[in-house]
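Structure first, commentary second.
Every value quoted in this text rests on a predicted model; they were computed, and no experiment measured them. Throughout, residue positions are numbered sequentially from 1 according to the sequence presented.
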Amino acid sequence: MHLIDQIKNIKVNKDEIALFFLGQAGFCIKTDKQDIVIIDPYLSDAAERLFNFKRMIPSLIAAENLQPDLFLSTHSHIDHLDIDTISVVAKNNHTIFVGAPDCLSFYEEINLSANRKIILKEKEEWHWKNILIRGTYADHGELAPEAIGFLIVIDGIRIYHAGDTCFCPDEIMETLLPDIDIMIVPINGQYGNMTASEALKLTTLIKPKISIACHFWMFLEHVCEEGKGDPATFIKESENLPKGINARVMAPGELLIYKKNKTL
């Protein structure tokens, strides 16, 4: 079964979410209301076309088959704000786009109507149905000074996607809520991002139920030195995490079913 068919067909039960890894920093969440939330999917070859960053992992979903309810972008870098994918998805007149301030110019370029583009800064919140989205602190340096992370709360399940950020725990935790269920954190250790070791230090402080590594394997440029962009390091060093925190590396296309206090 193709991944898009699995996403469409899976039935999510009450008080659960289904979380799919799309590669790089991309994730798809399906709620128990059967709504679909996409975060930072990189599905095209735009990075190679524009910057000569060759894709090393095949795209799992064609943009024309992607019709999410919400499409979130943590900042305007091409592997998070995939302009080729968004240009196609935006044609369905259904999807609402939620992004950092530096995403606005592209939303305007493709003529999104006012009710289909939501801009969030850190600590700002937006509600949609049973979903709360809050902008969280991220420090991606001069590469993307307006970058944010996202806290997504779905019927009490709290998912923190760090976006691209260096290790700045005090500032991040100030913009989060307590009792995070799932934390998604970059480990490539370059371009202003945390290494696997730093990601685990942040995990220890935030204390999520599950910490998921991302931002690895998509580009050769993200795998240059030992411990940078290496999910094996993340898993090995996660042995030192406090009891009750589960560190995971998901394969592209892999599904995680999460229910509060119980993971399937």
Side-chain angles (χ1 to χ4, degrees), residues 1-13 15-32 34-44 55-63 65-74 79-80 82 85 149-150 152 154 157-164 180-188 193-194 196 199-200 203 206 208-219 222-223 229-239 241 244-264:
M1 181 184 294
H2 294 298
L3 179 58
I4 190 62
D5 295 324
Q6 186 180 4
I7 292 170
K8 289 179 179 178
N9 294 334
I10 190 170
K11 175 68 174 178
V12 182
N13 297 320
D15 298 324
E16 290 181 355
I17 62 160
L19 180 73
F20 296 86
F21 180 41
L22 304 180
Q24 188 62 346
F27 287 81
C28 172
I29 302 170
K30 191 168 185 182
T31 76
D32 63 358
Q34 313 314 309
D35 293 316
I36 294 174
V37 181
I38 301 288
I39 312 164
D40 283 356
Y42 177 64
L43 306 176
S44 75
R55 168 187 282 280
M56 304 307 296
I57 300 174
S59 178
L60 299 176
I61 300 175
N65 295 328
L66 186 64
Q67 296 185 345
D69 298 279
L70 304 179
F71 193 122
L72 279 57
S73 299
T74 58
D79 57 327
H80 297 259
D82 181 349
T85 293
F150 285 117
I152 305 161
I154 304 170
I157 297 175
R158 296 179 175 182
I159 305 138
Y160 166 49
H161 190 302
D164 275 2
I180 299 298
D181 293 283
I182 298 172
M183 172 178 171
I184 299 167
V185 62
I187 64 166
N188 60 298
N193 279 345
M194 287 177 275
L200 290 167
T203 297
I206 292 176
K209 303 296 188 302
I210 301 173
S211 182
I212 301 173
C214 75
H215 223 294
F216 57 87
W217 289 352
M218 181 62 72
F219 306 114
H222 286 170
V223 188
D230 178 16
T233 298
F234 181 80
I235 291 300
K236 181 179 180 180
E237 294 187 5
S238 73
E239 296 173 358
L241 285 173
I245 301 176
N246 181 5
R248 292 203 177 190
V249 171
M250 297 175 69
E254 185 176 342
L255 164 66
L256 170 69
I257 300 290
Y258 182 86
K259 186 171 184 176
K260 195 76 172 177
N261 300 320
K262 183 179 181 181
T263 304
L264 307 180

When the aromatic ring centroids of Phe219 and Tyr42 are compared, is their separation below 6.0 Å?
yes

Restricting to salt bridge (charged side-chain N to carboxylate O under 4.0 Å, His left out), what partner residues turn up for Asp181, sequence neighbours left out?
Lys260

So, for Gln34 and Ile10, which heavy atoms are closest and what is the spacing to 0.1 Å?
OE1-O, 3.6 Å

Closest approach of Thr74 to His161 (non-hydrogen atoms, all atoms of both residues)
CG2-ND1, 4.2 Å

To the nearest 0.5 angstrom, please state how far the CD1 atom of Ile210 sits from the CG atom of Leu256.
5.0 Å

Looking at residues at least two apart in the chain, or sitting in another chain, which of them share a side chain to side chain contact (heavy atoms under 4.5 Å, CB included) with Glu254?
Met250, Ala251

Listed partners of Arg55 passing salt bridge (charged side-chain N to carboxylate O under 4.0 Å, His left out), at least two apart:
Asp45

Looking only at heavy atoms, what is the nearest atom pair of Leu60 and Pro252, with distance?
CD1-C, 3.5 Å

Partner residues of Ser73 under the side-chain hydrogen bond (donor to acceptor under 3.5 Å, both in side chains) criterion, sequence neighbours left out
none

Considering residues at least two apart in sequence or located in another chain, which fulfil the ring pair (Phe, Tyr, Trp, His ring centres under 6.0 Å) criterion with Phe71?
Phe97

Taking only residues two or more places apart in sequence or in another chain, which ones pass side chain to side chain contact (heavy atoms under 4.5 Å, CB included) with Ala213?
Ile187, Phe216, Phe234, Val249

Quick one: side chain to side chain contact (heavy atoms under 4.5 Å, CB included) partners of Asp15, sequence neighbours excluded?
Lys259

Over all heavy atoms of both residues, which pair between Ile235 and Ala247 is shortest? Give the atoms and the distance, please.
CD1-O, 3.9 Å

As an exercise, state the distance from CD1 of Ile152 to CD1 of Ile29, rounded to the nearest 0.5 Å.
4.0 Å

Tyr160: which residues meet the ring pair (Phe, Tyr, Trp, His ring centres under 6.0 Å) condition with it, sequence neighbours left out?
none

Can you pull the salt bridge (charged side-chain N to carboxylate O under 4.0 Å, His left out) pairs that have at least one residue in residues 34-43, sequence neighbours excluded?
Asp35-Lys129

Picking from Leu66, Ile36, Leu255, what satisfies side-chain contact (heavy atoms from CB on, under 4.5 Å) with Ile7?
Ile36

Minimum heavy-atom separation for Ile245 to Pro208, with atom names?
CG1-O, 3.4 Å

In Å, rounded to the nearest 0.5 Å, how long is the span from CD of Gln67 to CD1 of Ile4?
8.5 Å

How many angstroms lie between atom CG of Asp32 and atom NZ of Lys11, to the nearest 0.5 angstrom?
8.5 Å

Residues at least two apart in sequence or cross-chain that pass side chain to side chain contact (heavy atoms under 4.5 Å, CB included) with Ala63, listed by chain then number, are Thr85, Val88

What residues form a side-chain hydrogen bond (donor to acceptor under 3.5 Å, both in side chains) with Ser44, not counting sequence neighbours?
Asp82

His80/His215 under side chain to side chain contact (heavy atoms under 4.5 Å, CB included): CA gap, chis, key distance, verdict
CA-CA 10 Å; His80 297 259; His215 223 294; 3.3 Å; yes

Distance-only, no hydrogens or angles: does the Lys209 side chain make a donor-acceptor pair with backbone N or O of Asn246 under 3.5 Å?
no

Where is the tightest heavy-atom contact between Met218 and Gln24, given as atom of each residue plus distance?
CB-OE1, 3.1 Å

